[in-house]
There are 4 protein chains.
Amino acid sequence: MNFNNHHPSDSRKDKETVILDAACRVFREKGFHQARITDIAQTAGISYGLVYHYFKSKADLFDAILKEWWTGLFELMEKWDSEAASVEEQLAALVTYFLDQYQKKPDLVHIFITEISRSAANLTPTRLHWFKAFLSRTEKIMVVGQSREILRKDIKSRYLTYIFLGAIESFVSAMVLENQPLRSRAQKQRIAIGLLQVFMNGAKPINS
Amino acid sequence: MNFNNHHPSDSRKDKETVILDAACRVFREKGFHQARITDIAQTAGISYGLVYHYFKSKADLFDAILKEWWTGLFELMEKWDSEAASVEEQLAALVTYFLDQYQKKPDLVHIFITEISRSAANLTPTRLHWFKAFLSRTEKIMVVGQSREILRKDIKSRYLTYIFLGAIESFVSAMVLENQPLRSRAQKQRIAIGLLQVFMNGAKPINS
Amino acid sequence: MNFNNHHPSDSRKDKETVILDAACRVFREKGFHQARITDIAQTAGISYGLVYHYFKSKADLFDAILKEWWTGLFELMEKWDSEAASVEEQLAALVTYFLDQYQKKPDLVHIFITEISRSAANLTPTRLHWFKAFLSRTEKIMVVGQSREILRKDIKSRYLTYIFLGAIESFVSAMVLENQPLRSRAQKQRIAIGLLQVFMNGAKPINS
Amino acid sequence: MNFNNHHPSDSRKDKETVILDAACRVFREKGFHQARITDIAQTAGISYGLVYHYFKSKADLFDAILKEWWTGLFELMEKWDSEAASVEEQLAALVTYFLDQYQKKPDLVHIFITEISRSAANLTPTRLHWFKAFLSRTEKIMVVGQSREILRKDIKSRYLTYIFLGAIESFVSAMVLENQPLRSRAQKQRIAIGLLQVFMNGAKPINS
DNA sequence: TATGAATGAGCTTTCATTCAT
DNA sequence: AATGAATGAAAGCTCATTCAT
C-alpha cells in the first residue's frame with residue numbers, strides 16, 4: 001500500500017491543518033492583531049496567497065481556531081447533562097481538559113486565555129457569545145455545589161466561577177510564561193489534584 | 001491672586017496627567033496596539049502633536065503608565081522588608097492594593113492584567129523585568145508561609161503564587177468584565193476577606 | 001449515430017464559444033478590469049484553469065471578443081467598396097448592424113461602446129488601430145455625402161462622423177441602461193428610420 | 001501686501017484643490033478602477049498618506065470630483081425653472097456648459113462621459129441618482145419642445161434626450177480622443193451652433 | 001507650548017497567471 | 001482536456017512619528 005498517497009479530499013484537510021497549526025503558533029506568539037499573514041504563511045511553509053485560498057480572512061482563520069477550542073469544551077460539558085456527574089468530577093474534568101489541551105496544543109490554550117478570556121471586553125459578538133455560554137455553564141456547576149452544601153453560599157456563584165477559572169488560567173499562564181511543558185502524566189495529575197483541592201478546600205462552607 | 005496661573009512646572013505636570021489619564025482609558029478600551037494616538041489626544045482634549053511634546057513615543061507613554069503601577073506596588077512591598085509583617089497581613093495588603101487601585105483607577109488595573117500579566121510572553125525586556133521581580137517578591141511570601149507551616153509544602157511556592165494572583169486577577173477581571181464598580185468600602189472588605197479566606201483555607205497544610 | 005461525439009475540433013470550438021459567451025456577459029456586467037477570471041469560468045460552468053487552456057490571458061480573451069465585433073463590421077463595410085451603395089444605404093446599413101447586433105448580442109455592443117468607443121484614450125495599440133480604421137471608414141461616407149451635396153459642408157466630415165456614431169451609441173446605451181430589449185423587427189425598423197431621418201435632416205445643407 | 005500669505009483656512013482648500021486636480025487628471029487617464037492613489041499623490045506632488053488626510057477614501061475623492069460637476073450642472077438647470085427660457089435657449093445653454101467645462105476642465109468632462117454617462121449600469125446608488133435626475137431634467141425640455149410643436153412627437157421624448165446628449169458627448173469625446181483643445185471662443189461658438197442646428201433641424205416635426 | 005499637516009512603512013486582501021496531477 | 005491548488009505582485013488604507021509654523 002502507498003501511504004504517501006492521500007485521498008484527494010485529505011489534501012485540503014491537510015493543508016488546512018498545516019495553516020491552522022501555523023496560525024495557532026503565530027497568534028500565540030504575537031496576538032491576533034500583531035500577527036501578520038506573512039508570518040503565518042512562512043511558518044506554514046506556504047505562499048502568502050494560499051492562506052486566502054483556504055480562509056477568507058484573518059478573522060475567519062482566527063475563528064476557525066477558536067471553534068476547535070470551543071467545540072471540544074462544549075462537547076465535554078454537554079456530556080454532563082446526560083450523565084449524573086458529581087460537582088467534583090465536573091470540575092476535575094474541566095481542569096483536566098485545560099491541562100490535556102495544554103499538553104497537546106499549548107498555543108491554543110494560550111490564545112484562549114490571552115485573546116478571549118482576558119480581553120472579553122473587546123470581543124466580537126460571536127466570540128463573546130461562546131465565552132458567556134461557557135461562563136454560564138461553569139456557574140451552573142457552582143450553583144449545584146452550593147445547593148449540595150459543598151461550596152460556600154456567602155460568595156456568589158459567579159465569583160466562585162471566576163476564582164476557579166482564574167486559578168486554572170494562572171497555572172496555565174505560568175507554564176506558558178516559564179516555558180514549562182507538561183512532561184509527565186504524573187505531573188499533570190499532581191497539578192490537577194492540587195488545584196482542585198485548593199479550590200474545594202478554600203471554597204467549602206466555613207463551619208463544615 | 002490669579003488662580004489661573006500655575007507655576008510653570010505645575011502646568012507641565014497637569015498636562016502630563018491629563019494625557020496619562022486619557023491614555024490609560026484608551027489603552028484599557030483598545031489595548032496597546034489598537035490604541036491610536038488620535039484617540040488619546042481626543043480623549044485628553046488636546047491636539048495630536050502635543051502628545052509627542054510630553055512623551056517621546058507611544059511606548060514611552062505606556063511605560064509611564066506602567067511605572068505608576070509598579071511604583072505603588074513596590075513601595076508597598078518594600079515596607080514589608082523593614083516591618084515584621086505576617087504572611088497573612090502581606091497577602092491581605094496585596095489584595096487590598098489591587099482592590100484600592102481598582103476603585104481609584106480601574107483602567108490601570110485592567111491594563112496590568114490584560115497587557116502585562118497575561119501577555120507576559122510578549123513583554124519588552126524592561127516590562128518583563130518588573131513583572132518577574134513582582135512574581136519573585138510574591139513568591140517570597142509564599143516561601144515564608146510554607147516555612148511557618150501555614151501553607152502546604154506539597155505545592156511549589158511558585159504555584160501557590162500563581163493560584164493566589166490568579167484569584168485576584170479573576171476577581172478584578174470579573175468586575176471589569178461585568179462593569180461592576182466597587183461601590184462601598186464594606187463591599188471591598190467583604191471581597192478582600194472572602195478572597196483571602198478561600199486562598200488560605202485552600203492552601204493550608206492538609207492535616208493541620 | 002452518436003450525437004455526443006463531436007469531431008475533436010468541434011469540441012474545441014464549442015468550449016471556446018461557451019467561454020467567449022460567458023466572458024462577453026461578464027465583461028459587460030463588470031467592465032474589463034473588474035471582470036475576474038473566476039466569474040467567467042463560473043458563468044461558463046467550467047473550471048478556473050480551463051480558461052487558460054483556451055486563451056492565453058485575460059487580454060487575449062477580450063481581444064477574441066472584439067475581433068468578432070470588428071470582423072462583422074469590416075466585412076459589412078468592405079462590401080460597400082465593391083458595390084455602389086448610396087450614402088443613405090451605407091448609413092442605414094451601419095445603424096441596422098448596430099441594432100441587429102444589439103438584438104443578437106447586446107453584451108457585445110455594450111462592450112464596444114463602454115470599453116472601446118468611450119475609453120479610446122486608454123486603448124492598447126491593436127485596439128486603437130481597429131477603432132481608428134472604423135472611424136476613418138465612416139468618415140469616408142460623410143466625405144462622399146458632402147461631395148454629393150446631401151450633407152452640410154460647413155461641418156467637418158469628422159464631426160459629422162462623431163455626431164452620427166454618437167447618436168447610434170446613445171440609443172443603444174439608452175436601451176442597455178433601461179434594459180429595453182429590442183422586441184420586434186418593427187420596433188427596430190422604426191428606430192433605425194427615426195435615427196437616420198434625424199441625422200440626415202439635421203445634417204443636410206441648410207438652404208437645400 | 002503679501003500675496004504669498006494665505007489665510008490659514010485657505011491652505012486646506014488649496015491642498016484639496018491640488019489633490020482634486022491631480023485626481024481628475026489621473027481618473028481621466030486611467031479610469032476610476034485603474035487609477036492608483038500613488039499616481040494621484042505623485043501627480044499632486046505630495047506624499048501618499050496626505051491624500052487620506054483630505055479624503056477618506058478613493059471613492060470619496062471621486063465623489064468630490066463628481067459633485068463639482070453635478071453642482072454646476074444643476075445650478076444651471078435650476079435657473080430655468082424660475083426664468084422663462086425657451087427650449088432652444090435651454091439646449092444651447094447645455095451645449096455651452098459642456099463646451100465651457102471642457103475648455104476649463106477637460107478631464108472633468110471626460111470623466112463624466114466615460115465613468116458616468118457610459119457606465120451607468122454599474123454606478124453606485126448615489127451616482128445613479130444624480131445621473132437619472134439629470135436625464136429627467138433634460139427630458140422635460142424635450143417634452144416642452146414637443147408640446148410647442150418644435151420637436152417631432154413621433155420620437156419618444158426620452159429618445160430625443162439620448163440623441164441630443166449623445167451628440168454632445170460624441171463631440172466632446174472626439175475632442176478628447178483627438179486631443180483637440182478648444183482654442184478660441186469663436187470655435188466654441190461654431191461648434192455649439194452647429195450641434196444645435198443639426199439637432200433642431202433633425203428633430204423638427206417633419207412637415208413643418 | 002501648541003497645532004495639525006505631512007510622510008511613508010506596513011499590513012490585509014485580491015486576483016491574474018502558472019503548474020502539478 | 002480538465003481541475004483547482006499555489007504563487008506573489010499590486011493596491012487601498014492606517015497610523016506612528018516628524019516637522020514647520
Side-chain angles (χ1 to χ4, degrees), chain A residues 5 8 11-12 14-16 19 33-41 44-61, chain B residues 8 11-12 14-16 32-42 45-61, chain C residues 8 11-12 14-16 32-42 44-61, chain D residues 5 8 11-12 14-16 19 30 33-41 44-61:
Chain A
N5 265 339
S11 170
R12 177 167 190 100
D14 287 356
K15 260 308 158 44
E16 258 182 40
I19 296 173
H33 286 293
Q34 269 43 60
R36 288 170 304 155
I37 300 294
T38 305
D39 300 328
I40 295 172
I46 58 169
S47 79
Y48 197 100
L50 197 57
V51 175
Y52 284 89
H53 189 74
Y54 288 94
F55 299 92
K56 73 178 209 293
S57 72
K58 191 177 158 184
D60 189 47
L61 180 49
Chain B
S11 169
R12 173 164 193 103
D14 287 355
K15 270 288 162 53
E16 259 182 39
F32 176 75
H33 287 292
Q34 269 44 59
R36 289 169 305 162
I37 300 293
T38 306
D39 300 327
I40 295 171
Q42 256 164 22
I46 60 168
S47 81
Y48 197 93
L50 198 55
V51 175
Y52 282 88
H53 188 76
Y54 288 93
F55 299 92
K56 77 176 206 292
S57 73
K58 192 176 159 184
D60 189 47
L61 180 49
Chain C
S11 167
R12 174 165 191 101
D14 287 354
K15 270 288 161 53
E16 260 184 39
F32 176 74
H33 286 292
Q34 268 44 59
R36 289 168 305 162
I37 301 292
T38 305
D39 300 326
I40 296 172
Q42 256 164 22
I46 59 168
S47 82
Y48 197 93
L50 198 55
V51 174
Y52 281 87
H53 187 77
Y54 287 95
F55 299 92
K56 76 175 207 293
S57 73
K58 191 176 159 184
D60 190 46
L61 180 50
Chain D
N5 263 340
S11 170
R12 175 166 193 102
D14 287 355
K15 261 307 158 46
E16 257 183 40
I19 295 173
K30 311 206 171 190
H33 286 292
Q34 268 44 59
R36 289 168 305 155
I37 301 294
T38 306
D39 300 328
I40 295 172
I46 58 169
S47 78
Y48 193 98
L50 197 57
V51 175
Y52 284 89
H53 188 76
Y54 287 93
F55 300 92
K56 75 176 205 293
S57 72
K58 191 177 159 183
D60 189 47
L61 180 48

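From a predicted model like this one, the values you see are computed outputs, not experimental measurements. The sequence lines fix the lettering, A, B, ..., with proteins before strands; numbering per chain opens at 1.
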Q.
Please report the distance, rounded to the nearest Å, between CZ in B:F55 and P in F:dA16.
A. 16 Å
Q: Please name all residues satisfying side chain to side chain contact (heavy atoms under 4.5 Å, CB included) with A:Y52, sequence neighbours left out, ordered by chain then number.
A: A:I37, A:Y48
Q: Return the value, rounded to whole Å, for the distance between atom CD1 of D:I37 and atom C1' of F:dC15.
A: 16 Å
Q | Length of the line joining A:H33:NE2 and F:dA16:C1', which is rounded to integer Å | A | 17 Å
Q: Grab the CG-P distance between D:L61 and F:dC13 for me, whole Å please.
A: 10 Å
Q. Under the side-chain hydrogen bond (donor to acceptor under 3.5 Å, both in side chains) test, which residues partner C:H33, sequence neighbours left out?
A. D:Q34
Q.
Please report the distance, rounded to the nearest Å, between CD1 in A:I46 and P in F:dG4.
A. 19 Å
(Q) Using heavy-atom distances to pick each residue's nearest nucleotide on DNA chain E, tell me which of C:A35 and A:R36 is more 5'. (A) A:R36
Q) For DNA chain E, what residues of residues 47-54 of chain D have any heavy atom nearer than 4.0 Å? A) D:S47, D:G49, D:L50, D:H53, D:Y54
Q | Sequence-distant partners of D:S47, side chain to side chain contact (heavy atoms under 4.5 Å, CB included), two or more places apart | A | D:L50
Q: For DNA chain E, write out the stems as range with range, using runs of 3 or more consecutive Watson-Crick or G-U pairs with both distances under 3.5 Å.
A: E:2-21 with F:2-21
Q) For E:dA2, does OP1 or OP2 lie under 4.0 Å from any side-chain N or O of B:K15? A) yes
Q) Separation of A:K58 atom NZ from E:dT14 atom C1', in whole Å? A) 17 Å
Q: Would you kindly give the CD1-to-P distance between D:I40 and F:dA11, to the nearest whole Å?
A: 12 Å
Q.
Under the rule for ring-ring contact (aromatic ring centres under 6.0 Å, His included), what residues qualify as partners of C:F32, not counting sequence neighbours?
A. C:F27, C:F62
Q) salt bridge (charged side-chain N to carboxylate O under 4.0 Å, His left out) with D:K30: which residues, sequence neighbours excluded? A) D:D39
